[in-house]
Peer 1: 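Attaching a single structure in structure tokens format; questions to follow.
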Amino acid sequence: MTARACAAALLVGATAAIGAPVNGAGDAGAARWWSYVRFLADDGLEGRDTGSPGYQRAADYVAGLWRQAGLEPAFAGQFVQSVAFKTRQIDESRSSLTLVRDGRVDPLTLGEDAYFSLRIDPAAQVDAPLVFTGHGLDIPEAQINDLAGLNLKGAVAVYFSTQPSSLPATLQAHFGSSAERWRMLRAAGAIGTIAVPAARRLEVPWSRSTIARLQPQMSLADPALDEYPDQRVAVTMNPERADALFEGAGYTLSDLMAADQSGKPLPRFVLPARLKASIAVTRSTVQSENVAGILRGSDPKLRGEAVVLSAHLDHVGIGEPVAGDRIYNGAMDNASGVAAILDVAARLHESGQRPARTIVFVAVTGEEQGELGSRYFVAHPPAGLTIVANVNTDMFLPLFPLKTLMVLGLDESDLSTDVRAVAGSLGLTVQVDPEPQRSRFTRSDQYSFVRGGVPALAMKVGYDANTHEAMIAQEWTAERYHLPSDDVNQPVDMKAATDFVNVIHQLALRIANRTNRPNWNDTSFFKRFGR
């Protein structure tokens, strides 16, 4: 065995000595799932930041478990697929952001008023006019064109990062993504963006979300996969301070946000200010890995078609201390999801089940950096396989009993038939996202598969709005999401976790044994991406 394989074997063996499930449940399935979570969320892995030594230990651990489950290596004899990233980190001591109007210079305080996004590779200096573009959307199919009649050539586009309520939830999420908005704004001549989120829709308070601006941010090194070509500056504005943008414009921020909240059309106009920015960036590169194993299909005619079960292995690493704790363990986000597909692989190995199609299990890197590892995987799948479906698991939140299955992408493909059948057989009801404004459909790795033309689903433990369960989920987001408190000391409903893994297991088998390949619904916008 290689040194790396030996290390992986030791890591796999170590799970037997790690802890026990919380909140009772005591069955072997729950204990195994929880042992995976405990290992991946241990302080020793230091939050599994993309490309970090802690992430590498997590990847070795997963590769060892794929091997133990009898899976084939997915990449020329290897379980790992190396992914190259460019990294950028802001030096705010040498950076500045100002608004200039009528010769008056109004400095903005980085971190309090606004911050630079470094998912793009910014210019060192920017001096450009500002144009308010409403939502910044151009969607001919929906008769929406916020850019008509505006001169955006050489300008920075200011937009509200909300979406028109007239759009279906999945399209709100798709067109609301920063990459999709940039595609439209770039075509209209813009050189940069200022996004203004709605204060009432912030999942995480500004004071928390702005901390992450100081961490390194990444993009794929492959220029063919660059989502932000030619973007010179990207700024996110604190919605409580964004009235500075509209001074002297004849509109107040509060009036514009009230119009947006009530669904009224937003005006679009040139703002009486210019943006001046100096952006000092430290650049580097890093390698990280997707980790994938293959359960080869039993049907010679169908084994070239692959159903991919995915979950992201990375989290956000070590950050600003909260109550003295600097390790952001990521137990629910997303050790829980990786543990779910690890458990499905183990179950299939123990049962000896071999479905007709091939199943690929992949723990992807770089999700927290913008779904980068999955984007690379879709562009470079295992040789000889055509991906025909994806089931993604991210932060499924087993916080209360699983009675309802929240399914993202439910109405987009005929995978809905499969998930409804599995849910029904297990006594579960099915719902679409009860909070479409959160844009969950595009916020994890299923979206990479969708944009690559692959019918995809993602699922969570569901709940109805304005219920006790909804309150528990909201409290979790407020108190644990992207915080050190997302660790193994939080309450977890072990039966809900086991029930959820049962869903993934049965759904994977059903899709892999279908006689026909999964297809987009004729009514789905995403059918245009189909292969």
Side-chain angles (χ1 to χ4, degrees), residues 30 33 37 169-170 172-173 203-204 309-313 315 330-344 363-364 367-368 371 374 390-413 415-416 418-420 422-424 426-450 456-482 486 490-508:
W33 174 82
V37 174
T170 51
Q172 287 186 41
E203 276 190 341
V204 175
L309 302 188
S310 59
H312 75 87
L313 183 59
H315 193 52
M332 293 299 101
D333 184 16
N334 181 42
S336 67
V338 175
I341 63 171
L342 286 169
D343 201 21
V344 171
V364 297
E367 190 271 352
E368 300 288 4
E371 302 148 27
S374 56
N390 168 244
V391 177
N392 185 56
T393 303
D394 181 11
M395 204 172 78
F396 66 91
L397 295 185
L399 307 177
F400 37 79
L402 175 59
K403 299 176 182 177
T404 299
L405 194 65
M406 183 194 305
V407 184
L408 312 179
L410 180 66
D411 297 326
E412 305 303 325
S413 74
L415 292 175
S416 61
D418 301 300
V419 74
R420 288 183 188 279
V422 169
L426 297 173
L428 304 174
T429 59
V430 171
Q431 67 175 179
V432 296
D433 191 343
E435 300 163 321
Q437 72 277 7
R438 296 179 66 179
S439 299
R440 291 183 176 107
F441 182 63
T442 63
R443 289 176 53 189
S444 192
D445 295 297
Q446 67 278 352
Y447 187 48
S448 293
F449 289 88
V450 167
L457 298 175
M459 294 173 292
K460 297 177 183 287
V461 176
Y463 53 85
D464 293 325
N466 303 314
T467 61
H468 179 63
E469 290 79 10
M471 183 182 70
I472 292 173
Q474 290 162 6
E475 288 179 351
W476 187 93
T477 300
E479 297 173 3
R480 299 187 187 275
Y481 177 63
H482 282 194
D486 181 16
Q490 63 187 295
V492 175
D493 188 314
M494 300 303 299
K495 185 176 186 305
T498 303
D499 290 346
F500 186 88
V501 174
N502 287 341
V503 173
I504 301 296
H505 181 193
Q506 297 304 319
L507 182 60

Peer 1: Would a distance-only check, ignoring hydrogens and angles, find a side-chain to backbone donor-acceptor pair under 3.5 Å from T498 to M494?
Peer 2: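 Present.
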Peer 1: With the side chain counted from C-beta on, respond yes when M406 and P434 share a heavy-atom pair under 4.5 Å apart, and no when they do not.
Peer 2: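 The answer is yes; the side chains approach within 4.5 Å.
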Peer 1: Taking side chain as C-beta onward, heavy atoms only, is M332 less than 4.5 Å from P398?
Peer 2: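 With C-beta onward as the side chain, the pair touches.
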Peer 1: Using only heavy-atom distances, determine whether the side chains of D333 and H312 contain a donor-acceptor pair under 3.5 Å.
Peer 2: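 A pair is found: one side chain offers a donor N or O, the other an acceptor, under 3.5 Å apart.
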Peer 1: Please identify each residue that fulfils salt bridge (Lys or Arg N to Asp or Glu O under 4.0 Å) with D418, with sequence neighbours left out.
Peer 2: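 R510, R514.
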Peer 1: Side chains of S439 and Q172: donor-acceptor distance under 3.5 Å anywhere?
Peer 2: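 No pair is found: no donor N or O on one side chain lies under 3.5 Å from an acceptor on the other.
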Peer 1: Within a strict 4.5 Å, meaning less than it, do heavy atoms of the I504 and T393 side chains meet?
Peer 2: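 SC-SC contact between I504 and T393 confirmed.
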Peer 1: Once you round to the nearest 0.5 Å, how far does CG of L410 lie from CD of Q431?
Peer 2: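 Answer for the CG-CD pair, L410 versus Q431, is 10.0 Å.
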Peer 1: Hey, does E368 have a side-chain heavy atom less than 4.5 Å from the side chain of H482?
Peer 2: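 Side-chain contact under 4.5 Å: yes.
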Peer 1: Are F396 and M459 packed together at the side-chain level, in the sense that at least one heavy-atom pair is separated by less than 4.5 angstrom?
Peer 2: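 Heavy-atom side-chain distance check fails, nothing below 4.5 Å.
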Peer 1: Would R480 and E475 count as a salt bridge (Lys or Arg N to Asp or Glu O under 4.0 Å) here? Give the steps.
Peer 2: CA-CA 8 Å; R480 299 187 187 275; E475 288 179 351; over 6 Å; no
Peer 1: Measure the CD-CG distance between E435 and D464 for me, rounded to the nearest 0.5 Å.
Peer 2: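 Going from CD on E435 over to CG on D464, the span is 10.5 Å.
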Peer 1: Going by the angle between their ring planes, with limits at 30° and 60°, are F400 and Y463 parallel, tilted or perpendicular?
Peer 2: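 Perpendicular.
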Peer 1: Does the side chain of D394 reach to within under 4.5 Å of the side chain of D445, using non-hydrogen atoms?
Peer 2: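 Counting from C-beta outward, D394 and D445 never come under 4.5 Å.
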Peer 1: With distance as the sole test, does W476 use its side chain to make a donor-acceptor pair with the main-chain N or O of D486 at under 3.5 Å?
Peer 2: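 Between the backbone of D486 and the side chain of W476 there is no qualifying donor-acceptor contact (under 3.5 Å).
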Peer 1: Do we see a donor-acceptor contact under 3.5 Å between the side chains of Q506 and N502?
Peer 2: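 No.
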Peer 1: Do L428 and V503 make a side-chain contact, defined as non-hydrogen atoms from C-beta onward lying under 4.5 Å apart?
Peer 2: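 They are in contact (side-chain heavy atoms under 4.5 Å apart), so the answer is yes.
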Peer 1: Determine whether V391 and L507 make a side-chain contact, defined as any pair of heavy atoms from C-beta on separated by less than 4.5 Å.
Peer 2: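 Yes; the side chains approach each other to less than 4.5 Å.
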Peer 1: Please identify each residue that fulfils salt bridge (Lys or Arg N to Asp or Glu O under 4.0 Å) with D343, with sequence neighbours left out.
Peer 2: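 For D343, the residues satisfying salt bridge (Lys or Arg N to Asp or Glu O under 4.0 Å) (neighbours in sequence not counted) are R32, R347.
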Peer 1: State, without any angle test, whether N390 and S310 hold a side-chain donor-acceptor pair at a distance under 3.5 Å.
Peer 2: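 Distance-only check passes for N390 and S310.
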